[in-house]
Every structure is written in C-alpha cells, then in structure tokens.
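Heads up, the thing below is written out as structure tokens.
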Amino acid sequence: MAPRFVLFVCTHNAGRSQMAAAFLSQLGGPAFAVDSAGTAPAEALNPAVVAAMLEVGIDLRDNEPTLLTREALDEADLVITLGVDSADLPGTHYLDWNFPDPAGSRLETVRPIRDAIRARVLELIGELNSPAAA
C-alpha cells in the first residue's frame, strides 16, 4: 500500500506546520509521506520552535520554510491547516487544527504548543490507521 501523503499548511511555515510534519514523520512511520508549506513563508524557522523540537529529539535546524504550491495541494491525500482558512484553498480533503501561533514566542510559550501538536498528531495516526479510515 502506498503511503498517505499528508500536507501541513500554515501561514509562515516556520512553526506549527513544521512541528506537525516532523512529529508525523517521526511517529507515523512509513505509512505516511509528509510535507509542510506556508502561504506566505518566513525567511527562517522560529528559533524557539527549533529549540523546543530539539528538546524532544527532533532537529529542524536544516529545515526552511517553503511556499505552498497548487501541485502539493493536488497531490496530498489530506491537507491539515494550522491558522490558514481552508476555504481560501482549492480542494476538499482538509482538517483545520487550531493552535496558537508561536511566532515571536519564547521557548516556554512554545513548549505547550509543541506538546499539544504532538498529542493531536498521535490522535491523527490513530484515526487514519483505524479500520474505518482504510
């Protein structure tokens, strides 16, 4: 069975979508192909996000924000938006996750966002691996 392609989309692709993609890549295994993108990418990842992810053993230091493309949206089996209105995007396979934007936040503020995203990714893996989702 081919892996499901899950695309995480936020505005700057510098925080939430990067964390979510990293967690799904780490925790979901080969059942998932994962990417992230932004509608208006930042110049670099949020340093507090990078530090928070290093604390849990995930290194994002070489990641760069990328621009969302129509091709990525078309290829994705599921698009998960984090702070982007999915009504503004073409297609129909969307989930909207509401997490605070860590932009400009300190590490102590990013940690609970990171942990909440990890928990939601674990829920998603359970949902997508359930017999009903097959």
Side-chain angles (χ1 to χ4, degrees):
M1 173 187 260
R4 292 186 185 119
F5 177 31
V6 179
L7 177 64
F8 293 94
V9 177
C10 67
T11 303
H12 298 118
N13 191 224
R16 295 168 291 186
S17 58
Q18 291 276 348
M19 289 190 284
F23 279 128
L24 185 56
S25 292
Q26 180 192 56
L27 302 169
F32 301 98
V34 183
D35 204 357
S36 68
T39 57
E43 292 290 318
L45 264 60
N46 178 332
V49 167
V50 173
M53 294 301 282
L54 279 170
E55 290 180 342
V56 296
I58 297 175
D59 189 350
L60 299 179
R61 290 178 287 195
D62 291 334
N63 289 27
E64 295 180 9
T66 57
L67 180 64
L68 177 65
T69 65
R70 175 62 191 244
E71 293 78 23
L73 288 169
D74 290 343
E75 291 174 14
D77 297 305
L78 175 62
V79 177
I80 299 175
T81 60
L82 299 107
V84 173
D85 187 353
S86 61
D88 295 337
L89 302 174
T92 58
H93 296 90
Y94 292 94
L95 290 177
D96 294 308
W97 290 0
N98 186 19
F99 293 104
D101 185 354
S105 297
R106 299 173 56 109
L107 180 58
E108 46 281 347
T109 304
V110 174
R111 285 181 182 125
I113 299 168
R114 173 203 64 201
D115 295 344
I117 289 173
R118 182 183 186 279
R120 185 61 188 98
V121 165
L122 285 169
E123 289 175 21
L124 175 71
I125 291 168
E127 292 164 6
L128 293 177
N129 286 333
S130 74

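Distance CZ/R114 to OG1/T109: 12.0 Å, rounded to 0.5 Å. E123 contributes atom CD, which lies 11.5 Å from atom CG of L128 (distance to the nearest 0.5 angstrom). Between the CD1 atom of I117 and the CH2 atom of W97 there is a distance of 8.0 Å, given to the nearest 0.5 Å.
Sorted by first and then second residue, the side-chain hydrogen bond (donor to acceptor under 3.5 Å, both in side chains) pairs involving residues 73-85 (not counting sequence neighbours) are R70-D74, T81-D96. Note on residues 27-44: no pairs pass salt bridge (charged side-chain N to carboxylate O under 4.0 Å, His left out), not counting sequence neighbours. Evaluation of the side-chain hydrogen bond (donor to acceptor under 3.5 Å, both in side chains) test over residues 45-54, restricted to residues two or more places apart or in two chains, returns none.
The side chain to side chain contact (heavy atoms under 4.5 Å, CB included) test applied to A103 returns D101, not counting sequence neighbours. Annotation: side-chain hydrogen bond (donor to acceptor under 3.5 Å, both in side chains) contacts of E71 (sequence neighbours excluded): none. The side-chain hydrogen bond (donor to acceptor under 3.5 Å, both in side chains) check on R118 picks up nothing, with sequence neighbours excluded. With sequence neighbours excluded, the residues that form a side-chain hydrogen bond (donor to acceptor under 3.5 Å, both in side chains) with D59 are R61. Checked against side chain to side chain contact (heavy atoms under 4.5 Å, CB included), L107 has the following partners two or more places apart in sequence or in another chain: A51, A52, E55, R111.
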Would you be so kind as to tabulate the donor-acceptor pairs closer than 3.5 Å made by side chains of residues 15-30, with sequence neighbours excluded?
from, atom 1, to, atom 2, distance (Å)
R16, NH1, F99, O, 2.9
R16, NH2, L82, O, 3.3
S17, OG, N13, ND2, 2.8
Q18, OE1, N63, ND2, 2.9
Q18, NE2, N13, O, 3.2
Q18, NE2, N13, OD1, 3.2
S25, OG, A21, O, 3.0

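Residues A33 and P3 come closest through the heavy atom pair N-CB, 3.8 Å. Residues P65 and P41 come closest through the heavy atom pair CB-CB, 3.9 Å. The minimum heavy-atom distance between I80 and V6, with the atom names listed, is CD1-CG1, 4.0 Å.
Note on L89 and L67: separate hydrophobic clusters, where clusters join Ile, Leu, Val, Met, Phe, Trp and Tyr whose side-chain heavy atoms are under 4.5 Å apart, directly or indirectly.
Put simply, the side chain of L68 does not reach to within 4.5 Å of the side chain of V84, judged on heavy atoms.
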